[in-house]
Amino acid sequence: MKDLLKKLTETYGPSGNEEEIRRVIEEEMHEYVDEIDIDVMGNLIAYKKGNGQGKKVMLSAHMDQIGLIVTHIDDNGFLRFSNVGGISVLNTINGRVIFKNGIMGTVSYEEEIENIKDIKLNRMYIDIGASDREEATEKVSIGDVAVYYSPLAESNGRYIGGAMDNRAGCALLIKTIKELKDCKNDAYFVFTVQEEVGLRGAKTSAYAINPDVGIAVDVTSTGDTPKARTMAVKLGAGPAIKVKDGSVICHPKVKDLMIDRAEDIDIPYQIEVLEWGGTDAGAIHLTREGIPSGAVSIPCRYVHSANEMVDEKDLENGVKLLVKILENEIEL
Ligand code: CO
Ligand code: ZN
């Protein structure tokens, strides 16, 4: 798991620029599936055939990550930027970012701002070490997107890195693809684009696949750090079965099925109510006439920072849960 997670979290792929991460994911799992397709939006769809009697299941993990998009380059070579997805001031100040071409920079803010609360993204900038506009434009253009620079680290059975949201989910799908033996159901593993800017890739891919059931795999927040927002999810207490977030109320039968399968294999699991946020299930369940959908979430601390933290056992148990779901009959 560690090598895979390292490869996935360190590969560039902000929303709208998923080519590299898509290539890495395809390379990892293409030998294990029956068909692979890349659609107009850039979603990577891997199909694994069932035994002909099961349901059509769409499993979706978004492969895009949040980023900083260059909006302006000043005379001194400093880059102004806007957000692609949930980039916050606090998570970005004086951090390091990297562009697709490997150019690195420090993100800082106008020093005259006295109160930290007055710092907004439009009063921040990226310093790529250029001495003027000309030098800067040789390396970076308006519209280029940087992501947090964050090599993977391990500490006490936990992984710390950037883009755990949602490369951890991508890792779960890849492992599931590899470990599936007797797949009862027709499984479409979709590595979606542009989730972080509004669940866009899931929308078109769910329409095309038209599944009987949708399962999103993504990270979720936890409530287990000092004075955290109240939330029942803890790191290391098992994959979370989603009841609700800001984008979806999960279909009760899908949620119950997940609970049953988790109990069948006797893994720890927890129930997730996320009072904000969203995931691909939000788009899938509203497709066509409606598609019963749910989500398996990986507990993750410090979501949308450069140092998101997940627990190895949660990942392993998440894979077991997905495999068990796919290898058994799905009754809805
Ligand atoms: Co996110
Ligand atoms: Zn996510």
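Atoms within each ligand, like the ligands themselves, are counted from 1 in listed order. No experiment lies behind these values; they were computed from the predicted model shown. Any value given below was found using the heavy atoms of this structure, including those in side chains, with hydrogens, waters and symmetry copies removed.
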Are Pro211 and Tyr188 packed together at the side-chain level, in the sense that at least one heavy-atom pair is separated by less than 4.5 angstrom? no
If you consider just the N/O/S atoms, which atom of His304 is the closest one to the Co ion (ligand 1)? NE2
State, with a plain yes or no, whether a side-chain heavy atom of Asn307 is found less than 4.5 Å away from one of Ser150. yes
Would you please say whether a donor-acceptor pair under 3.5 Å links the side chains of Glu272 and Ser297? yes
Regarding Lys56 and Asp212, does a basic nitrogen lie under 4.0 Å from an acidic carboxylate oxygen? no
Could you tell me whether any N, O or S atom belonging to Glu195 is less than 2.8 Å from the Co ion (ligand 1)? no
Met164 side chain reached by Met309 side chain, heavy atoms, under 4.5 Å: no
Minimum-distance atom from the Co ion (ligand 1) among N, O or S atoms of Glu196: OE2
Within His62, is some N, O or S atom less than 2.8 Å away from the Co ion (ligand 1)? no
What lies under 2.8 Å from the Zn ion (ligand 2), restricted to protein N/O/S atoms, is His62 NE2, Asp165 OD1, Asp218 OD1, Asp218 OD2
In this structure, which one of Ile87, Asn83, Ile119, Ile126 forms a side-chain contact (heavy atoms from CB on, under 4.5 Å) with Thr92? Ile87
Counting backbone and side-chain atoms alike, does Asp165 have an N/O/S atom under 2.8 Å from the Co ion (ligand 1)? yes
Is it true that the side chains of Glu196 and His304 contain a donor and an acceptor less than 3.5 Å apart? yes
In terms of side-chain heavy atoms, does Ser305 have a donor or acceptor partner in Asn91 at a distance below 3.5 Å? no
